[in-house]
Structures are given as C-alpha cells and as structure tokens.
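Heads up: the structure comes next, in structure tokens.
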Amino acid sequence: NKVLDIEKIRNDFPILNRLVKGHPLVYFDNAATSQKPAAVIDALVHYYTHLNANVHRGIHTLAEEATAAFEATRDAIRGFINAAYREEIIYTKGTTEGINLVAYTWGRQQLQEGDEVIISGMEHHSNIVPWQIVCEEKKARLTVIPVTDKGELDMEAFYTLLSEKTKLVAVVHVSNALGTINPVKTIIDAAHGKGALVLVDGAQSSMHLDIDVQALDCDFFALSAHKMLGPTGAGALYGKKQILEAMPVFNGGGEMIKEVTFEKTTYNELPYKFEAGTPNIADFVAFRPAIEYINELGKENIRKHEDALLSYATEKVREIEGIKIIGEAAHKASVLSFVIDGVHPQDIGILLDNKGIAVRTGHHCAEPLMNRFCIPGTIRASFAVYNTLEEVDKLAEGLKKAIKVLK
Ligand code: PMP
C-alpha cells in the first residue's frame, strides 16, 4: 500500500502478535468484530486507573473528568457521521439496541393496522426480528425487498413494494454476509417521496465507507463500536432531532428523567431521554481513540487497502476448484463469502483454525438470506486495514489443503 504503512499499523494491534495453534494469527473475522488498537486498550486501562466515576451526577473531580471523557466521544461520533447536532447521537449497546429502540418507541407510537414496514432479504436478524415483533403487535405488514442471484437488492421490486402505506424502510448499508453495498441514498430518496422514514443499519458500513447522515438524509442510522476498532457494548443510534424529540421514551430509570413524582414523571432532553441507567462509561471513553485512529488513517485509504485485499482474495479463491462465491455484487466492501462443493463450511473453518486462520462459517445471523441461496451457510473471510496480501495467500493455501483432506 502506497499511502498506509501496514506493518506499522499491525504493530498497533497487540493481538496480531499472538500464535494460534502454533501459527501466527490470521484474523479474517472482522465482520464479526474488529481487533482493537493499543490506543483503545490503553484508554480502557487509563479510565479505570485514573477516572472511574459515575457520569453526569457528581460534582467531584473524578465525576467531572469521567463525564467530560464520556461526552467527548459523542462529539467524535457526531463528526464521524457528520450529524448536525450532538444530541442526535444516542448512546446504545450497539446496532441491535439502536434498532430495537426505534422499533419499540417510534414503531409502537407510529405504526397502525394496515401500515407497512419494508426490510430487505439480506438483513441481519437484528433488523428483522424487532420489526416482526412490532408489526405483529400493531397488525402492520412486514414486506421484504428480494435479493438477486448476484446478491444485490432487486430495486424494481422495491419500487413496487413502496407505497403510501409504507411508514418505514429499514435496510442494511453493507451486508455482513455478502459484502454488498446497498444503494441506500436511492432508497432514502424514494422512501421520502412516499412520506416514509428510513433506518440504515450501519453496523458494517461505518468502518468501511464514508458516512454522512446529512448527505444521505437518512432518518436513523445505527452503528456498533466493536465493528470499528472500538470496544464491545458501545454503539450509537443517530436520529434526526425533530423525530427523536417527538418519539416516546425507551427504558425508564435514572438519567432519562427531569422530575419524578409518584403521580407524574417528566423526561430529560435529548440525548439523555433515551439513556436510562448507568451507561457503559469506560467503553464509550475508549471508543473515541478508535474513531480518531480511523480518522488518522483516513477512510479512503482504509477502503483502498480493503478493496485490494478483497479483489486479491476473490481472484485467489475463484481459482480453487469447487468453490462458489456467494454474492457477486458490483459494489462490495470487505467481505468474501463462498461455499465449497460437497464440503460443510464448519469443517473448513476447523481446518483453517488449525493453521491459525480465523474465518466465520455459518449463516452469519442472516438465515433468510441463506435460504434465498438454498445453502445452510457460507465460509466468510472479512478483511480489515491490518490484513495483508500474504495473509490472503495463507488463506488460499489453507483452503486448498483443507479441501484435499475433506474430499
Ligand atoms: N447488522 C449487521 C449488518 C451486522 O453485521 C451486525 C453484527 N454482526 C448487527 C447488525 C448487529 O450488531 P451488534 O451485534 O453489534 O448489535
């Protein structure tokens, strides 16, 4: 890579030094969760060593410093996705909680019998199940944009599904199972044309694509810190301010209230209205260095490197007899999914692990998508900025050997 010094980057990720079954770790399960740079790990230790206190409530020094560090991450997320206001950034446990928040608050308030919610055939279970629950409760209809043989959304079918009955379109930006980059801007514009809101599942896109929620004009955008070099248990839901303001509250408890009496409770302002209870303070504090790390490398540079890895891996894997790539969309990010004739994905996963190569096998929390392709699951290699072409060679070698053993 001409711009990024990948060896230097690798040195920032301590886990990449470890051996797995006697082999240097080759970590190709980045779509499940990314590894963490030392800056993030150090921030966790620093927080618990020097700052630990509960946020927002205390007037003592530790409470003030913890609050400042905790809130600084909100500004970093705002900048990262170019939201207009910091109070549009709601802290969540991750993408799953962000989507559930919208389903249980906006969905329960806004959906009525006969209304429709559109999702797509390549959604993660976390963008299916919450809508099933709320649609069943409200007697609304859940419809699904079909997926083509290439693993793209059938946009003609989407336009047919979209109508005045549509209240929400909830769609994944980048598929974790296939890597497909979906045309969310087109979807958003079309949905708005019918008066529907759009929620974008950004779990996979936030690390790989430039995100500008104002340019996209999406109404909600959900992300997880752990998919973008940050800690687990932290994430964000972006929502347009006027929509969030009109939404009912989610969890009840401390922090989300203004005044409480047994007769009546009034609620806090945004974003705290949606943030009941003591949050995952340390992990939010340590999320900021992850964002800064990405910003420093530059999304475009990261993307270029990941694209190079993906096209090299695609080429290498395609050469191997009996392998079929699932998902050959024109626009893809960082994910290579495939199946092998007569071989169970899990057996391949075990043999690769014996060589220190971590891939994901299975349905990738997208069972309906696997059913669409009539397969139980795939073998998925997913790439990050710290991966190398040499590691892709190891994967290809490992696959060839594993196939020989299994056939
Ligand atoms: N959507 C997509 C596309 C994902 O890849 C994931 C994580 N695998 C999720 C949603 C859920 O994210 P989390 O488990 O961090 O809540």
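Residue indices begin at 1 and follow the sequence shown.
For the residue pair Asn354 and His23, no side-chain donor N or O sits within less than 3.5 Å of a side-chain acceptor on the partner. Judged purely by distance below 3.5 Å, without hydrogens or angles, the side chains of Glu123 and Ser120 pair a donor atom with an acceptor atom. Ser175 and Thr180 form no side-chain donor-acceptor contact under 3.5 Å, judged by distance and modelled atom types alone. Remark: the Asp201 side chain and the His124 side chain contain no N/O donor-acceptor pair separated by less than 3.5 Å. A donor and an acceptor atom, one from each side chain of Thr95 and Ser224, are located under 3.5 Å apart. Inspection of the Thr278 and Asn54 side chains reveals an N or O donor paired with an N or O acceptor under 3.5 Å.
When the shell of 6.0 Å around CZ of Arg141 is examined, it contains 12 or fewer heavy atoms from other residues, nucleotides or ligands. Counting non-hydrogen atoms of neighbouring residues, nucleotides and ligands closer than 6.0 angstrom, the CD atom of Gln109 exceeds 12 such neighbours. Within a 6.0 Å sphere centred on OH of Tyr159, other residues, nucleotides and ligands contribute more than 12 heavy atoms. Counting non-hydrogen atoms of neighbouring residues, nucleotides and ligands closer than 6.0 angstrom, the NE2 atom of His50 exceeds 12 such neighbours. Within 6.0 Å of CD on Glu319 lie more than 12 heavy atoms contributed by other residues, nucleotides or ligands.
Applying side chain to side chain contact (heavy atoms under 4.5 Å, CB included) to Leu309 and the options Leu336, Val385, Leu389 leaves one that passes, Leu389. Here the rule is side chain to side chain contact (heavy atoms under 4.5 Å, CB included) with Leu244, and of Trp106, Tyr238, Phe220 only Phe220 fits it. Asp115 pairs with exactly one of Lys167, Glu164, Lys165 by the side chain to side chain contact (heavy atoms under 4.5 Å, CB included) rule, that one being Lys167.
Proximity of Phe28 to Phe383: side-chain heavy atoms (C-beta onward) are separated by under 4.5 Å at one or more points. The side-chain heavy atoms of Tyr267 and Pro248, taken from C-beta on, include no pair separated by under 4.5 Å. At a threshold of 4.5 Å between non-hydrogen side-chain atoms, the residues Pro345 and Thr378 do not count as touching. With contacts defined as side-chain heavy-atom distances shorter than 4.5 Å, the pair Ile340/Ile403 qualifies. Proximity of Val40 to Arg288: side-chain heavy atoms (C-beta onward) are nowhere separated by under 4.5 Å. The shortest distance between side-chain heavy atoms of Arg108 and Glu137 falls below 4.5 Å. Proximity of Ile133 to Tyr104: side-chain heavy atoms (C-beta onward) are separated by under 4.5 Å at one or more points. Under the 4.5 Å side-chain criterion, counting only non-hydrogen atoms from C-beta, Asn182 is not in contact with Val174.
In this structure, Glu321 does not pair ionically with Lys400, as no charged nitrogen and carboxylate oxygen lie closer than 4.0 Å. A salt bridge links Lys241 and Glu87; the closest N-O separation between the charged side-chain nitrogens and carboxylate oxygens is under 4.0 Å. Using a 4.0 Å cut-off between charged nitrogen and carboxylate oxygen, Lys407 and Asp341 do not count as a salt-bridge pair. With respect to Lys8 and Asp12, no salt bridge is recorded, no charged nitrogen being found less than 4.0 Å from a carboxylate O. The pair Arg318-Glu328 counts as a salt bridge, with a side-chain nitrogen and a carboxylate oxygen less than 4.0 angstrom apart. Comment: Asp212 does not engage Lys185 in a salt bridge, judged by the lack of any side-chain N to carboxylate O separation of less than 4.0 angstrom.
Under the rule for a ring-ring contact (aromatic ring centres under 6.0 Å, His included), the partners of Tyr386 that lie at least two apart in sequence or sit in another chain are Phe13. Annotation: side chain to side chain contact (heavy atoms under 4.5 Å, CB included) contacts of Asp210 (sequence neighbours excluded): Lys299. For Asn11, there are no side chain to side chain contact (heavy atoms under 4.5 Å, CB included) partners two or more places apart in sequence or in a different chain.
The side-chain tip of Arg74 points at the ring of Tyr91 from less than 6.0 angstrom away and within 45° of straight on.
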- Could you give me the CA-CA distance, side-chain angles and deciding distance for Ile187 and Phe158, then say whether side-chain contact (heavy atoms from CB on, under 4.5 Å) is met? CA-CA 8 Å; Ile187 291 171; Phe158 166 63; 3.7 Å; yes
- Item | Worked verdict on Glu391 versus Arg10 for salt bridge (Lys or Arg N to Asp or Glu O under 4.0 Å) | CA-CA 12 Å; Glu391 289 181 315; Arg10 288 181 68 80; 3.3 Å; yes
- Run the numbers on Lys273 and Glu245 for salt bridge (Lys or Arg N to Asp or Glu O under 4.0 Å), then give the verdict. CA-CA 9 Å; Lys273 154 182 164 183; Glu245 269 167 354; over 6 Å; no
- Item | side-chain contact (heavy atoms from CB on, under 4.5 Å) between Met247 and Ile243, intermediate numbers included | CA-CA 6 Å; Met247 269 158 51; Ile243 298 172; 4.0 Å; yes
- Please test Asp353 against Lys21 for salt bridge (Lys or Arg N to Asp or Glu O under 4.0 Å), starting from the C-alpha separation and ending with a verdict. CA-CA 8 Å; Asp353 181 59; Lys21 312 237 160 107; 2.7 Å; yes
- Item | Worked check of salt bridge (Lys or Arg N to Asp or Glu O under 4.0 Å) between Lys194 and Asp189 | CA-CA 9 Å; Lys194 299 284 185 191; Asp189 290 346; over 6 Å; no
- Message: Apply side-chain contact (heavy atoms from CB on, under 4.5 Å) to residues Val172 and Gln204 and explain how you reach the verdict.
- Response: CA-CA 8 Å; Val172 69; Gln204 291 295 331; 5.8 Å; no
- Would you check, one step at a time, whether the test side-chain contact (heavy atoms from CB on, under 4.5 Å) holds for Glu255 with Arg57? CA-CA 9 Å; Glu255 193 75 3; Arg57 292 179 259 260; 3.3 Å; yes
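Side chain of Ser206 to main chain of Gly202: a donor-acceptor pair is present (N/O by atom type, distance under 3.5 Å, no hydrogens or angles). A donor-acceptor pair under 3.5 Å is absent between the side-chain atoms of Ser337 and the main chain of Ile326, judged by distance alone. Side chain of Thr232 to backbone of His226: no donor-acceptor contact under 3.5 angstrom is found. Between the side chain of Lys227 and the backbone N or O of Met207 there is no donor-acceptor pair closer than 3.5 Å.
Here Ile357 contributes atom CD1 and Leu25 contributes atom CG; the two are 10.0 Å apart, rounded to the nearest 0.5 Å. Taken to the nearest 0.5 Å, the CD1 atom of Ile119 stands 8.0 Å off from the OG1 atom of Thr143. Separation of atoms SG (Cys218) and CG (Leu199) is listed at 8.0 Å; rounding is to 0.5 Å. To the nearest 0.5 Å, the span separating CD on Gln214 from OH on Tyr85 amounts to 8.0 Å.
Aromatic ring centroids of Phe284 and Phe70 lie under 6.0 Å apart. Taking the six-membered ring wherever Trp is involved, the centroid distance between the rings of His363 and His125 falls below 6.0 Å.
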